[in-house]
Amino acid sequence: GAMSTIPIPVDLRCVTQARHLALDPVGTAAPAAGFLLVELPLPWPRDAGTHPALGTVSALAQRHQMRLQAIVPDLGRAARGEALVVVHDGAGPRFTAYERRAAVVPVAQLEAAVDELVASSALAPAATPAAERAAIDVLLCAHGTRDRCCGSLGTALHARSMGRPDVHMWRTSHLGGHRF
């Protein structure tokens, strides 16, 4: 007789696979001396660090052992030819917390501005918008060309997130790993 096959649905989403394998998310973050967040227009390539608008910014981040994260730009700033750059610097003899520095810079001067911001241990308050000075950054992977789950589920989660004035929920490029 003829044998029939019954299709079995397979959920290939990374989070489903991680739960099935009982993986622990603790300790999966990529080690970095700091994080460099740069507003970068979509779409991002699979490796956001190769985006043509970045020029040498990716190499600069590597030199300073910082993890480069693209963040979805604010449309008003983008229309004015500006980009927000945020540095979370954890360098120092004993890590206690990241020092946050931020500046809105002209896109045409992005490389020089990032270089100055990364190298600076203190930024003049006038260069940092008041809304950016004491902000908390939450990074939500929404990098669809890297992982389809992040592109769909991360973007949907970002759309549903409730904001606070001192918390920035950023749709960001790939954070590392494909489990959570």
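- For Thr172 (side chain) and Ala70 (main-chain N/O), a donor-acceptor pair under 3.5 Å exists by modelled atom type.
- Shown here for Trp44 and Pro41, the closest heavy-atom pair between the two residues is CD1-O, 3.4 Å.
- Side-chain contact between Leu139 and Leu37: present, with at least one pair of heavy atoms (C-beta onward) separated by less than 4.5 Å.
- Both Trp170 and Val104 are assigned to one and the same hydrophobic cluster, defined by single-linkage of ILVMFWY side chains at heavy-atom distances under 4.5 Å.
- The heavy-atom pair separating Gln69 from Ser173 by the smallest distance is NE2-O, 2.9 Å.
- Linking Ile, Leu, Val, Met, Phe, Trp and Tyr residues whenever their side-chain heavy atoms come within less than 4.5 Å places Val85 and Leu60 in a single cluster.
- Rounded to the nearest 0.5 angstrom, Gln109 CD and Asp115 CG are separated by 13.0 Å.
- Here Pro45 pairs with Thr50, His51 under the side-chain contact (heavy atoms from CB on, under 4.5 Å) rule; sequence neighbours left out.
- Between His88 and Met66, the shortest heavy-atom contact is O-CE, 4.1 Å.
- Between the Glu111 side chain and the Val57 main chain, no donor and acceptor come within less than 3.5 Å of each other.
- Nearest heavy atoms, Ala48 versus Leu54: O-CD1, 3.3 Å.
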Check: Going through the distances and angles, do Asp74 and Leu84 end up as a side-chain contact (heavy atoms from CB on, under 4.5 Å)?
Finding: CA-CA 8 Å; Asp74 171 86; Leu84 174 68; over 6 Å; no
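- With sequence neighbours excluded, no residue forms a side chain to side chain donor-acceptor pair (under 3.5 Å) with Arg63.
- Taking the side chain to side chain donor-acceptor pair (under 3.5 Å) definition, one finds that Ser161 meets it with nothing, sequence neighbours left out.
- Nearest heavy atom pair, residue Leu40 against residue Ala53, reads CD1-CB, 3.9 Å.
- Side-chain heavy atoms closer than 4.5 Å link hydrophobic residues (I, L, V, M, F, W, Y) into clusters, and following such links, even through other members, never connects Val107 to Leu42.
- In this structure, Ala113 and Val105 approach most closely via the heavy-atom pair CB-CG1, 3.4 Å.
- There is a path of hydrophobic side-chain contacts, each under 4.5 Å, that joins Met169 to Ile136.
- Judged by distance alone, the side chain of Arg101 and the main-chain N or O of Val118 form a donor-acceptor pair under 3.5 Å.
- Ile71 CD1 to Leu140 CG: the interatomic distance, rounded to the nearest 0.5 Å, is 12.5 Å.
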